[in-house]
Chemist: 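Below is one structure. I have some questions about it.
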Amino acid sequence: MIRSSITFVASAKPLYVEVILPLAVPGTFTYTVPEGMEVVPGMRVAVPFGRGRKLYGALVRRTHHDDPLHRKPRPILSVLDAAPIVRSEQLELWDRIAEYYMCTVGEVLIAALPGQLSLSSETRLVAGPMVESFIPGQERAVFLLNALEDGQVVTLEQAGELLGLKDPLPAVKRLMEQGALLLEEQLQQDWKPRMTSYIRLSAENATEEALHAWFDRLEKAPKQLHVLMRFVELSQCLTDRPKEVERAKLVHASDSSTAVVEQLVKKGLFQRYEREEGRPDPSATSSPPPVLSAAQQEALTAVKQAFEKHDVVLLRGVTSSGKTELYTTLITEALARGEQVLYLLPEIALTTQIIARLRARFAEDVAVFHSRMAQHERTALWMRCVGEVPPRVIVGARSALFLPFVRLGLVVVDEEHDPSYKQHEPAPRYHARDMAIVLAGLHHAKVLLGSATPSMESQHNARQGKYGSVELLVRFGDVRMPVITRVDLRDAARRKLMRGHFTATLIEHIQHALDKREQVIVFQNRRGYVPVWQCSSCGWVPQCDQCDVSLTYHKFQHQLRCHYCGRHYAPPTKCDQCGSPRLQMLGFGTEKIEEELAEFFPTARIARMDQDTTRGKNALDRILTAFGQGAVDVLVGTQMVTKGLDFDHVSTVAILNADNLMRFPDFRAHERAFQLMAQVAGRSGRRKTAGTVIIQAQEVQHPILELVVGHDVEGMYQRELEHRRAHGYPPFMRLVQLTLKHRSEERVARTAQDLATALRPRFGDLVLGPEIPVVSRIRDKHLRRLLVKLARSSYRTDKEFLRDTIDRVFGASEHSSVQLVTDVDPI
Ligand code: ADP
Ligand code: ZN
Ligand code: ZN
């Protein structure tokens, strides 16, 4: 023992490594480094863990020489990386996240690393695209590759047996890099960038002479001839400044069809080529940056000044004020200083427009990262970040914040109020905006939070002087803010002016817009046809067997669906309770609205955008493209339509039932309702003329609607702040929500009670519950919920007490089978 440690000291090799395992176990673990292996922090190593022969790819947190006091550590089996794949700032960030969100560092590691980079015995492998290419020198790999080629799913443990290796991790890692195998990722739908098709003349036909020959040839095919003539016009191919022609534009301009254009491709006149949408034409010179308006220029100067005093600046810019142009100017400047930039967006799929704009400006400097991308693409981008030429601008959804940044100088959090920044499942249940601020702090970078409707928290921080604050309150091009009108649903019903869920006023407005060939967005906060069926005799409502929740009717599939667990059921023909066949439908969703629109506006082209219609691979893109190209007149949808859409021809926006939004049993309901309504209103009239917004509501006098109509962000903040102060909610108090789950209702109820009792001596009335949540059973587990309010002044110690109490209560054997979900800052 002594002798060996002397040898190590003599060779100055680290003796021990402290590693993070990709597991939800608390703490780090220590292993020894055998002679001849080189390890530094940030590399992965293969280690055994626990009883049995389970192996893990663990991440080295620290190397040291201090003899562990208690037990004799096992040696690491292999070193998986030649250089660190994680940087010290990231390790620091992981610690902060684990600490703040009360989870383990292992859970953060799992969330942070792309799946391919965190391996364990249970990791399930499938054949990769390159499985057939035989790799010389790895004869044993054949057994594994054959099994994979047969379509088998092989765990890493089984792979070890097939390879005849006790430690298969290095070999598996290599095969993965060669593309021979992939991780099996359930429910993972690979995200594909949206492609645009273009049409050009094939090389031999690009002369005037050749074209004349074609004009003659096509005389008998007038439709094709017409397309060709339009093409010549659009492309200006006979001039010295030819233009690119999108296939869709050509189809539109010639009033033709894709099929006709494709016939000309087949005949060899045209060639079709594709490019990722938003990627600039590589042969074109990049367009000069737009000239900022005076208001934008002023805001930009203010942001820069604010950065001199503050690390975080909140930019409140009304919808369509041109915030994105401000961001791009700041990004350009950061790049000129040699800094890296992170641009966070709440939802990648809904923001392809912004990515296109960034690509147009920063071309190949822009890398996109989000969890819906294919695993090998995510891994590749990660490796590029630790490589020689890291990407300079990274655009991503919340998980992008985990990438290994080198010289991060600026973080932009666009739509900072958006609740999708919060991760709900699984742990770490982090808020990407808040962690972006921590990340930036570690890099001494600046953070710009932008929104038309900032969150209460950020506004409060700005007013308290914790953040800098800048406002941009005019729309770009001096377009006026939309005019918002309320329509009284009760009154309309009394006067028999309702058709379905539409008031006569709303129908008139929509008709008016359609007559002028303008586009309309209809916002309804629920998907499906009608949310519930109900027995008209006894009031029975069909429920999910596994979850305590009413089922939603989906007309298209003629199914009842549970929106919590996804189970579906055939609609009942009679009441389960009293046997009556008289079942009636209550409430309404997007599908029903779509049907009504089709009835009221028979010639309008209608599309629906909700979770059901956007499930397929490129479904969402198709809808957005169609709407953008004017192939759709009315777009009806859920919250998805409120986010970031920037289309020229939307003049009218309708909110069908505002009461739905405001009556939510949640302290944030009013804030959210205001944000949603203001955001969806902001989709209208973004060019030239002011838009029209119609809000239908029963409670038309509701103060929130008053504030929406007045575009009164300030008034909203003041009103809401008083409520929050009076009732002890954020930003005055911080919340931790504890959800307990168990198959036995009695068990979960008792544990929840015991936990509450243990917390009361310190927190008293600040422990709310245990309560039975509105949905009290999910996937056959019963739920109980506690909400703990923590005062800002004693936040740290309170949280420590909370953590210790949880450990103590759940350490008792009777409670240990109860599952606990801890959510810090729940939203
Ligand atoms: P916001 O993000 O504030 O809603 P956008 O950045 O989307 O606003 O700007 C609204 C519209 O105005 C966009 O179509 C954008 O291209 C245009 N725009 C904004 N600023 C400029 C500018 N300086 N020059 C030309 N067009 C601009
Ligand atoms: Zn009944
Ligand atoms: Zn269910």
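Sequence positions, counted from 1, serve as the residue numbers for this chain. For clarity, every value in this text was computed on a predicted model and none was experimentally measured. As the structure lists them, so they are numbered: ligands from 1, and atoms in each ligand from 1.
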Chemist: Answer with yes or no whether the side chains of Y273 and E244 bring together a donor and an acceptor at under 3.5 Å.
Modeler: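 Short answer, yes.
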Chemist: Under a 3.5 Å cutoff, is there a donor and acceptor pairing between the side chains of Q511 and D515?
Modeler: yes
Chemist: Under 3.5 Å, is there a donor-acceptor pair linking the side chains of R230 and S256?
Modeler: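 Not at all, the side chains of R230 and S256 share no donor-acceptor pair under 3.5 Å.
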Chemist: In terms of the angle between their ring planes, are H431 and Y421 parallel, tilted or perpendicular, with boundaries placed at 30° and 60°?
Modeler: tilted
Chemist: Can you report which non-hydrogen protein atom sits closest to atom 20 (N) of ligand 1, along with the distance?
Modeler: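 Sorting protein heavy atoms by distance from atom 20 (N) of ligand 1 puts Q296 NE2, 2.8 Å first.
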Chemist: How about S420 and E347: does a side-chain donor come under 3.5 Å of a side-chain acceptor?
Modeler: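 The answer is no; no qualifying pair exists.
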Chemist: Which protein non-hydrogen atom lies closest to atom 13 (C) of ligand 1, naming both residue and atom, and how far is it?
Modeler: D646 OD2, 3.4 Å
Chemist: Which bit of L472 is near ligand 1, meaning a heavy atom under 4.0 Å away: side chain, backbone, both or neither?
Modeler: neither
Chemist: Tell me, which protein residue and heavy-atom name are nearest atom 15 (C) of ligand 1, and how many Å apart are they?
Modeler: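 Checked against all protein heavy atoms, atom 15 (C) of ligand 1 sits closest to R357 NH2, 3.5 Å.
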Chemist: Measure R475 to ligand 1 on non-hydrogen atoms and call it side chain, backbone, both or neither using the 4.0 Å cut-off.
Modeler: neither
Chemist: Is there at least one pair of N or O atoms, one from G322 and one from ligand 1, spaced under 3.5 Å apart?
Modeler: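 There is such a contact, yes.
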Chemist: Can you confirm, on distance only, whether ligand 1 has an N/O atom lying under 3.5 Å from any N/O atom belonging to V291?
Modeler: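 Yes: some nitrogen or oxygen of V291 is under 3.5 Å from one in ligand 1.
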Chemist: So, H509 versus T652: side-chain donor-acceptor pair below 3.5 Å or not?
Modeler: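 Judged by distance alone, the side chains do not pair up.
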Chemist: Give the numbers and elements of all ligand 1 atoms closer than 4.0 Å to a heavy atom of V318.
Modeler: 3 (O)
Chemist: Among protein heavy atoms, which sits nearest to atom 17 (C) of ligand 1, and what does the distance come to when rounded to 0.1 Å?
Modeler: F476 CD2, 3.9 Å
Chemist: For ligand 1, is there an N or O atom under 3.5 Å from any N or O atom of S321?
Modeler: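 Yes; at least one N/O pair falls below 3.5 Å.
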Chemist: Ring centroids only, cut at 6.0 angstrom: are Y343 and F362 within range, meaning strictly under it?
Modeler: no
Chemist: Return the residue, atom name and 0.1 Å-rounded distance of the protein heavy atom closest to atom 3 (O) of ligand 1.
Modeler: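 Here the closest protein heavy atom is K323 NZ, 2.8 Å.
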Chemist: Check for me whether R463 meets the cation-pi criterion with Y717, that is, NZ or CZ under 6.0 Å from the six-membered ring centre and within 45 degrees of the ring axis.
Modeler: yes
Chemist: Answer yes if the side chains of Q679 and T453 hold a donor-acceptor pair under 3.5 Å, and no otherwise.
Modeler: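 Present: a donor and an acceptor within the cut-off.
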Chemist: Relative to the heavy atoms of T324, which atoms of ligand 1 are at a distance of less than 4.0 Å?
Modeler: 2 (O), 5 (P), 6 (O), 7 (O)
Chemist: Just need the protein heavy atom nearest to atom 4 (O) of ligand 1, so name the residue and atom and give the distance.
Modeler: S320 N, 2.7 Å
